[in-house]
Amino acid sequence: MCFVSEPVLLLEPKNRPRKLPTDRKRNRGGFVETRTGAYYGKLGYLAGLGRPANRIAEEMGDGISEGYVRVLLQRWGVGPGSGEAWCQVPLTNLQRTWLNYRATKEGISPEEWLRRKIVELL
């Protein structure tokens with residue numbers, strides 16, 4: 001049996017892509033998470049509601065900048081930063097069921113079905 005008394009460091013090759021930065025800070029005992037998954041979940045939820053980046057930054061309230069929110073949303077491909085205009089439409093359960101039925105009948109998503117109908121009306 002072979003026992004190693006000191007940890008062995010494995011060096012990464014130079015051509016390996018660099019890892020993206022995270023919000024984990026190195027501490028003596030390991031890593032300390034500064035922002036959790038729930039934090040980013042709330043950020044994504046607010047973006048899904050169609051809120052602009054400056055308002056999301058204000059509502060998060062921990063010093064996150066508007067630019068960082070915009071970069072995150074563009075990286076994730078969601079929200080107003082993705083280049084698409086967002087419009088929130090409140091629907092009842094019956095209306096949502098009807099919308100899903102019509103969209104699946106045509107073989108498209110409910111969002112695409114609504115988009116086509118709005119374009120027809122314009």
Side-chain angles (χ1 to χ4, degrees):
M1 292 177 89
C2 179
F3 293 100
V4 178
S5 60
E6 295 181 21
V8 177
L9 297 176
L10 298 176
L11 300 176
E12 294 183 1
K14 289 183 180 180
N15 59 357
R16 188 173 191 169
R18 232 181 79 190
K19 292 184 180 179
L20 294 175
T22 63
D23 289 323
R24 292 189 295 170
K25 307 289 183 204
R26 188 176 285 268
N27 197 359
R28 284 188 221 177
F31 288 101
V32 177
E33 296 245 6
T34 56
R35 295 190 174 127
T36 62
Y39 178 86
Y40 290 113
K42 181 179 177 184
L43 195 146
Y45 172 74
L46 293 173
L49 292 177
R51 305 231 170 107
N54 60 352
R55 189 164 167 203
I56 293 172
E58 289 173 8
E59 289 187 30
M60 296 305 281
D62 69 337
I64 189 171
S65 70
E66 173 185 344
Y68 183 63
V69 171
R70 196 173 291 120
V71 166
L72 282 177
L73 297 179
Q74 287 176 348
R75 188 179 298 160
W76 295 341
V78 297
S82 63
E84 298 177 0
W86 288 73
C87 178
Q88 185 176 2
V89 180
L91 296 173
T92 64
N93 285 336
L94 180 63
Q95 292 168 335
R96 197 168 308 149
T97 303
W98 178 84
L99 173 65
N100 285 329
Y101 170 75
R102 296 293 298 254
T104 54
K105 190 174 178 182
E106 294 185 25
I108 57 177
S109 69
E111 293 84 8
E112 178 62 22
W113 191 87
L114 273 178
R115 189 194 67 77
R116 288 181 184 180
K117 291 300 176 185
I118 291 171
V119 169
E120 285 177 12
L121 292 173
L122 296 176

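Keep in mind the model is a prediction, meaning the values are calculated, not measured.
- When hydrophobic side chains of Ile, Leu, Val, Met, Phe, Trp and Tyr are connected at separations under 4.5 Å, Ile118 ends up clustered with Leu122.
- Applying the under-4.5 Å side-chain rule to Ile, Leu, Val, Met, Phe, Trp and Tyr, the cluster around Val71 consists of that residue alone.
- Under the rule for a side-chain hydrogen bond (donor to acceptor under 3.5 Å, both in side chains), the partners of Gln95 that lie at least two apart in sequence or sit in another chain are Thr92.
- For the side chain to side chain contact (heavy atoms under 4.5 Å, CB included) test, residues two or more places apart in sequence or in another chain that qualify with Trp76 are Tyr40, Leu43, Leu72, Leu73, Val78.
- Checked by atom type and distance alone, the side chain of Ser65 pairs as donor or acceptor with a backbone atom of Tyr68 at under 3.5 Å.
- To the nearest 0.5 angstrom, Thr104 atom OG1 is 9.5 Å from Leu99 atom CG.
- Screening residues 43-65 for ring-ring contact (aromatic ring centres under 6.0 Å, His included), with sequence neighbours left out, gives no hits.
- Residues Tyr39 and Asp62 have side chains in contact (heavy-atom distance under 4.5 Å, counting atoms from C-beta outward).
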(message) Working note: Asn100 + Trp113, criterion side-chain contact (heavy atoms from CB on, under 4.5 Å); need CA distance, chi angles, decisive distance, verdict.
(response) CA-CA 9 Å; Asn100 285 329; Trp113 191 87; over 6 Å; no
(request) Give the intermediate values and the outcome of side-chain contact (heavy atoms from CB on, under 4.5 Å) for residues Ile108 and Arg116. (result) CA-CA 10 Å; Ile108 57 177; Arg116 288 181 184 180; 3.7 Å; yes
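- Legend: residues meeting salt bridge (Lys or Arg N to Asp or Glu O under 4.0 Å) with Glu66, ordered by chain and number and at least two apart, are Arg70.
- With sequence neighbours excluded, the residues satisfying salt bridge (Lys or Arg N to Asp or Glu O under 4.0 Å) with Glu120 are Lys117.
- Separating the CG atom in Asn54 from the CD atom in Glu59 is a distance of 10.0 Å, to the nearest 0.5 Å.
- Annotation for Ile64 and Ala57: closest pair O-CB, 3.6 Å, computed over non-hydrogen atoms.
- Remark: Arg96 pairs with no residue by the side-chain hydrogen bond (donor to acceptor under 3.5 Å, both in side chains) rule, at least two apart or across chains.
- Looking at residues two or more places apart in sequence or on another chain, you find a side chain to side chain contact (heavy atoms under 4.5 Å, CB included) between Ser109 and Glu111, Glu112.
- The salt bridge (Lys or Arg N to Asp or Glu O under 4.0 Å) check on Lys42 picks up nothing, with sequence neighbours excluded.
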